[in-house]
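Because only heavy atoms are used, hydrogens play no part in the values below, and waters and symmetry mates are left out as well, while side chains stay in. To find a chain, count down the sequence lines: A is the first, B the second, and so on, and within it residues start at 1.
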Amino acid sequence: MAATPADASSSSSEAVVGGEKSNKMITLISSDGESFEATEEAAKMSVTIKHMIEDGCADDGIPLPNVPAKILSMVIEYCNKHAADADDTNKHVADPADADEDDDNNNNNASAGEKEDLKSFDASLVAVDQATLFDIILAANFLSIKGLLDLACQKVADDIKDKSVEEVREIFKIENDFTKEEEEAVRKENAWAFNE
Amino acid sequence: ADCHCKTYLFSRAVTLAPPNPAAPHPVAGRPAAHHPRRTSPPTPYPVAHPDTSNALQFRRPMAMEEEEISGKELLRPDNSLAEEEAAAAASRLTDDLIVEILSRLPFRSVCRFKCVSKPWRDLIAHPAHRKKLPQTLAGVLYTNITGAGGYRYHLAGLSAEADGLDLDPSLTFLPHTEYRDFGLVRACNGLLLCSYEPEEGTVRFIVCNPATQRWTELPPRPRPNTCRYYQQFHLAFDPAVPSHFHVFDFERTDNLSITGVSIYSSRTGAWCQSDTGLVEDVVMVGQSVLVGGMLHVVGNLLVAADSNNWEDQTVLVALDMEGKEWKTISVPRGRDYGIVGWSQGCLHYAAISPAPLTVGVDDDEGSLNMAEEVAIWCLEDYDKQQWALKHSFRIDKVLNLNEVDYRLVGFHPNHDTFFFVSKGIWEGEKASLVSWDMRRRQLSCVLHLEKSSVAPYLPYVPLFSSEPLPDADGH
């Protein structure tokens, strides 16, 4: 996204006629007060934001008190990239407003090269530390961006899949509240799941 | 640490206040548009107060190159700030989000993580989450013939796994069960392939999911299979690619060796014919498993032993979902063809060994002649086609083969357990599903089946989540 100065009229509250893609810019405001701009198309990848736009609440910018700037910028990157991809397929779709529908639908008509590009973009987006990954999950959940939630949750799952119980406790900062006997009992029940 | 840091951290622990309706607006004169990779120096993260004037307070006039040196490192050289951020972020994950993460793990990992903490153990065991979490083998689906001569469908359920899942193995949700020659054909990763014959020589297919009760009937093949005997139908469905499934109908001439295949793709909704890509003569004889995006079917390869004699050699025929890539994988020799399966990340094959491998103290020449050894092989190196003998056991010592017949059924996907069905040879005897624990070298479970049970016996792992079948509204 180019860093162009916005003018006040870009946030004017024109209702979007259903089915038309608009070039309107939406202002999103992070919890720490930073403003970001996104196309309406990209912003609508968030079902939460989509509803706010449709309800006419987006006129003066949408405050997102749960999403800090660092995360919001990553979310917008994701939406920009995937909205552009969805655009290729949505040319065939009657109602492009439901941009949150299954991502595989978005990828179906994309060429092999575009698919690869999207995959590597997604991979690098979530190649971050655990804390950031958790924050992305929280933001994607709050904003109802299914594709991003799937992506981030899958990354965490891939990271922890082969980890030990102790390592998982460390990652999620969980205290072991089993007594020694209780823990032994659960371990015994699931002994086959541990590396012998 | 100095006071400044402590205060900052304390305020961070407080939940973010709801936004002041009057604020925040972009500060007058400052451009509202920002490149997501912001050019202004980063604020310490996160700031509780949405008031932009406070945010400005933390900003230092740093040069662009110093953007990467975040404020947090300057404040806390020992990185414990990162630790606390991680703790704060992790603690905000709700139960639903933990389940979202767990649902993407393999079954084995989820079982292991029951030991993480009591809340995790309870979360995993909670009935509300059971269907979202990865599944394991619920049991074996089979058919029985009722006294009135009708067919009924059952699940021989492994109780711990099948309980509480509300599975309907009787398939009452399918209108087709009363149709002419309706029967179960295959199960693959939670989907079932069934068939019926509206009239002699015409086969129609249904793919359904007993866990969600969704189903679809496939359109007829453009040109029916010329050979009506020894039909070979297979289902391929990969839950990692849940948007579509494929059904394979192998074509063969009357001498039974395959000439080609018709493949139905649920994505295109059409059948597509391909000629065989094999040079050898192969007869498809057994069941199949989906590995690495390719269907692997047990087949018999006719090999010339000498100029007058032919030998059957069991192979796996592997082909892709388009019917373009074909190959054969040799399997260890057995008395007859065996059972292929996928367990714990490896292709497995079970067959009766040509000669006994285990000799007991009570064996003599006579008993060794009657010996039947189940040999279980594991394909450790797929590319090199190197099978390793993983386990074997004398099934004639487990069952009294003077009184029972048996058939091999399949592998447990997560354990070293092998299933077979044994049935008394006398009229009216009930069959049992038997599971053999390879590690303990003993029977671990015997389930009695309904009277007059018949093949196919299909190991079944339920699927509750996204699937390529239409719902009641046809979506």
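- Atom CG of Asn141(A) sits about 7.5 Å away from atom CG of Asp96(B), to the nearest 0.5 Å.
- A salt bridge does not link Asp158(A) to Arg104(B): none of the charged side-chain nitrogens sits closer than 4.0 Å to a carboxylate oxygen.
- The minimum heavy-atom distance linking Arg92(B) with Leu138(A) is given by the pair O-CD2, 3.4 Å.
- Taken from CD in Glu100(B) to CD in Gln154(A), the straight-line distance is 10.5 Å, to the nearest 0.5 Å.
- For Asp177(A), the side-chain contact (heavy atoms from CB on, under 4.5 Å) criterion is met by Ser117(B), Lys118(B), Pro119(B), not counting sequence neighbours.
- One N or O on the side chain of Arg169(A) and one on the backbone of Val116(B) form a donor-acceptor pair closer than 3.5 Å.
- Residues Phe172(A) and Leu93(B) share a closest heavy-atom pair of CE2-CD1, 3.9 Å.
- In this view, His129(B) and His126(B) satisfy the ring pair (Phe, Tyr, Trp, His ring centres under 6.0 Å) rule, not counting sequence neighbours.
- The two residues Ile174(A) and Trp120(B) make their nearest non-hydrogen contact at CD1-NE1, 3.1 Å.
- More than 12 heavy atoms of other residues, nucleotides or ligands lie within 6.0 Å of CD in Gln442(B), so this atom counts as buried by the packing criterion.
- If you tally non-hydrogen atom pairs under 4.5 Å between each of Ser91(B), Ser103(B), Cys111(B) and chain A, the highest count goes to Cys111(B).
- Contacts of Glu184(A) with chain B are absent, with no heavy-atom separation under 4.5 Å from either backbone or side chain.
- Top candidate by heavy-atom pairs under 4.5 Å with chain B, chosen from Leu149(A), Ile160(A), Val75(A), Leu133(A), is Ile160(A).
- Looking at Leu72(A), neither its backbone nor its side chain comes within 4.5 Å of chain B, counting heavy atoms on both sides.
- Between Leu105(B) and Lys161(A), the shortest heavy-atom contact is CD2-CA, 3.6 Å.
- Going from atom NZ of Lys114(B) over to atom CZ of Arg187(A) covers 13.5 Å, rounded to the nearest 0.5 Å.
- Smallest separation of non-hydrogen atoms from Cys115(B) and Val165(A): O-CG1, 3.5 Å.
- For a residue to count as touching a neighbouring chain, one of its non-hydrogen atoms must lie under 4.5 Å from one of that chain's; by this rule Glu189(A) does not touch chain B.
- There is no contact between Leu102(B) and chain A, counting heavy-atom distances below 4.5 Å.
- Within the 4.5 angstrom heavy-atom criterion, no atom of Asp416(B) approaches chain A.
- Ring geometry for Trp192(A) versus Phe107(B): interplanar angle under 30°, hence parallel rather than tilted (30 to 60°).
- Crowding of Arg440(B) atom CZ: a count of heavy atoms from other residues, nucleotides or ligands under 6.0 Å not exceeding 12.
- For Gln130(A), no part lies near chain B; criterion is any non-hydrogen pair under 4.5 Å.
- At a 4.5 Å heavy-atom cutoff, the contact between Asp150(A) and chain B is made by backbone and side-chain atoms alike.
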